[in-house]
Every structure is written in C-alpha cells, then in structure tokens.
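Predicted model only: the values in this text are computed from it and were never measured.
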Amino acid sequence: MTLNELSTYFNSFLHIENFSHDPSRNGIQISNSSPTTKQIVKVAFAVDASLATMTEAINQGAQLLFVHHGIFWGDCTPITDIHYQRIATCIRSDLALYACHIPLDANELVGNNYGIAQRLHMTNLQPFGDWRGMLIGVKGSLPQPLSIEQLADSALLHQKPLHILPFGKTTITTVAIISGGAGEDFIQAVSAGVDAYITGEISHEEFHPIKEHGLTVIAGGHYQTETVGVNLVRQKLEKDTGIATTFIDIPTGL
C-alpha cells in the first residue's frame, strides 16, 4: 500500500474529520517522496514522535511511523533546533509520519480508553469525559466486582501504576477511563457516580480534591495508558493487510 492508501485506510475507522477541536494535526504530518506510488512494506508504531523513535523506526526498516503524539500542534512551528532534527531525520530516510491524537483516545474499536475497557471486559459502555466539546473516554460496569489492586493489574496488564489513590470504594463495580494527562477530569467521574477512575497521570493539586470527594483513582502512567491504542491499530493493520509492523517501546516512566 502507498502512503495515501494507508492514510485512507486509517481514516476509515479513526475518522479524524470528526475531531476538529483537537489541536493536533491528525493524519499525515510528514510525507514521503512518492505518497501515491511508493509501496510501504513495514510500519512502525509508537506513542511519541521523538528523535529516538524515528531513528529506531529507520533502523528497523520501516517506511512509515504511526504515533499518538505527533510533532505538529496548533499553529505552524518554526523548523529549528530539535524540531528541525526530527523533520530532517525523516526526510533524509524517506520516513513518513502519521499522527492520531484525540481520535485514537476516543475510538471505540482501537482507542486507548475503549482498549482498557476491553481488557477489563466492561459492559454497558457509554462515552464519557468531555474535552473541548468531544467525548473522549468511556465508562461502564465490570462483569464482576474487583479489588483496587485487581482492577489496576487487569487494566495495565500486570504493569505497575504510578499512583493509586484509594479514597473511595475498595470493591469496584463501575469505572470511568480517560488515558494520558486527564487527572483533572476526575471531577467528571465523581459526577458520573462511578466507583473508580482510571487515567494516566494526576498532579499534586488534584490529590486533596480527589480525597475529599471520596473517589478511588488509578494513575496508570501517561505513557503506559497510551500504548494501548497504537498497538490495537498495529494489530488491525497486520490482520487486515498483511503489512509487517513493529512497536517501538520507549517508556518515559511518567
């Protein structure tokens, strides 16, 4: 498949046109030399479009890097310093870059939040978590009650969360989820009346309000909770097209 064909394929289920309020420039952020004719035989997937990620994608023989966090956000950014180094690295090796931010958080098929809900086998799923007029998370019910530790273990596939704030119920039956940097949205989980809220990270300023509202919160890590969607897209691409893929894991610990 060519770059343009892959872009059409990704958008057939990511629907980036429905997320106009996302400041990320979703879609192709850096083209290759021949987007309509060059065949892409390997696609690398990663959370972040860092120089290290790009270099590893090139070393592994990929012609396209698909990421959650791209390099263009909002207004045009001057191509200087590390921004220049990233773009120059892609152009020198003819590596294309495709980014999908909020559409990948919210997607019901391959999204970060619904992907975590799938791990938990949640039912009665409903969109949750308003951000700039877009519902980007999910809430629902567990098939059976879980302890806080069991919930964290299942949601994060046995990886250690950054923080657990056990200020609400200790036996969990209902959960709301927004991956990444959505700590401040705990208040929406309170309003939704769920037993626990799973997100990526929380700040110091949120600790006491969470405690005073009596909510159980699991902060699984911004990076860790956003490896979910890119890997689901990777698996779907391999299954649908047979194109070789690789996941580049460069955790931040945050």
Linking I/L/V/M/F/W/Y whenever their side-chain heavy atoms sit closer than 4.5 Å, directly or via other members, would Y114 and F128 fall into one cluster? no

So if you build clusters from Ile, Leu, Val, Met, Phe, Trp, Tyr with side-chain heavy-atom gaps below 4.5 Å, do V217 and I116 land together? no

Hey, could you give me the CH2/CD distance between W73 and Q29, rounded to the nearest 0.5 Å? 8.0 Å

Rounded distance (nearest 0.5 Å) linking atom CG of L104 with atom CD of E226: 8.0 Å

Verify the ring-centre separation between F207 and F186: is it less than 6.0 angstrom? no

Roughly how far, to the nearest 0.5 Å, is the OG1 atom of T216 from the CD1 atom of I210? 10.0 Å

Rounded distance (nearest 0.5 Å) linking atom SG of C100 with atom CG of D105: 8.5 Å

Pairwise side chain to side chain donor-acceptor pair (under 3.5 Å) hits with a residue in residues 77-86, at least two apart: none

Can you tell me how far the CG atom of N26 sits from the OG atom of S20, to the nearest 0.5 Å? 10.5 Å

Below 30° counts as parallel, above 60° as perpendicular, anything between as tilted: where do the rings of F10 and F45 land? perpendicular

Is S154 reaching over with its side chain to a backbone N or O of L151, donor-acceptor style, under 3.5 angstrom? no

Taking I16 as the starting point, is it possible to reach M1 by hopping between hydrophobic residues whose side chains are less than 4.5 Å apart? yes

Sequence neighbours excluded, every pair satisfying salt bridge (charged side-chain N to carboxylate O under 4.0 Å, His left out) that has a member inside residues 14-26: none

Sort and list the pairs that fulfil side chain to side chain donor-acceptor pair (under 3.5 Å) and have at least one residue in residues 155-166, not counting sequence neighbours. D153-H158

Could you tell me if the side chain of I198 sits less than 4.5 Å from the side chain of L120, heavy atoms only? yes

Taking every heavy atom of I148 against every heavy atom of P166, the minimum-distance pair comes out as CD1-CB, 3.7 Å

Under 4.5 Å between side-chain heavy atoms, hopping through other hydrophobics if needed: is there a path connecting L95 to I30? yes

Under 4.5 Å between any side-chain heavy atoms of L51 and I82, yes or no? no

From the list T246, L237, V233, L65, side chain to side chain contact (heavy atoms under 4.5 Å, CB included) with V43 holds only for L237

N124 side chain to S141 main-chain N or O, any donor-acceptor pair under 3.5 Å? no

If only side-chain N and O atoms count, and only distance matters, is there a donor-acceptor pair under 3.5 Å linking T53 with D48? no

Between Q63 and K42 (side chain of the first, backbone of the second, donor and acceptor by atom type, cut-off under 3.5 Å), is there such a pair? yes

Check whether more than 12 heavy atoms from other residues, nucleotides or ligands sit under 6.0 Å from atom CD of Q39, and answer yes or no. yes

Kindly determine whether L6 and I28 satisfy side chain to side chain contact (heavy atoms under 4.5 Å, CB included), including the steps that lead there. CA-CA 10 Å; L6 278 168; I28 299 171; over 6 Å; no

Establish, from distance only, whether the side-chain atoms of T173 and D195 form a donor-acceptor pair under 3.5 Å. yes

D130 vs Q188, side chain to side chain contact (heavy atoms under 4.5 Å, CB included): CA-CA, chis, key distance, verdict: CA-CA 8 Å; D130 179 84; Q188 296 191 62; 3.9 Å; yes

More than 12 non-hydrogen atoms from neighbouring residues, nucleotides or ligands closer than 6.0 Å to NZ on K38, yes or no? yes

For E5 and T8, test the side chains for any donor-to-acceptor distance below 3.5 angstrom and give the result as yes or no. no

Can you sort out the partners of D249 under salt bridge (charged side-chain N to carboxylate O under 4.0 Å, His left out), two or more places apart, ordered by chain and number? none

Check: E201 and L254 side chains under 4.5 Å, non-hydrogen atoms: no

Show, in sequence, the C-alpha distance, side-chain angles and deciding distance for L97 and M54, and conclude whether the side chain to side chain contact (heavy atoms under 4.5 Å, CB included) test is met. CA-CA 9 Å; L97 177 67; M54 293 169 175; 4.3 Å; yes

Distance, nearest 0.5 Å, that separates CZ of F13 from CG of L109: 7.0 Å

Selection residues 227-240 - residue pairs positive for salt bridge (charged side-chain N to carboxylate O under 4.0 Å, His left out), sequence neighbours left out: K236-D240

side-chain contact (heavy atoms from CB on, under 4.5 Å) filter on N18, not counting sequence neighbours, yields H15

Going through the distances and angles, do I178 and I136 end up as a side chain to side chain contact (heavy atoms under 4.5 Å, CB included)? CA-CA 7 Å; I178 307 178; I136 64 174; 3.8 Å; yes

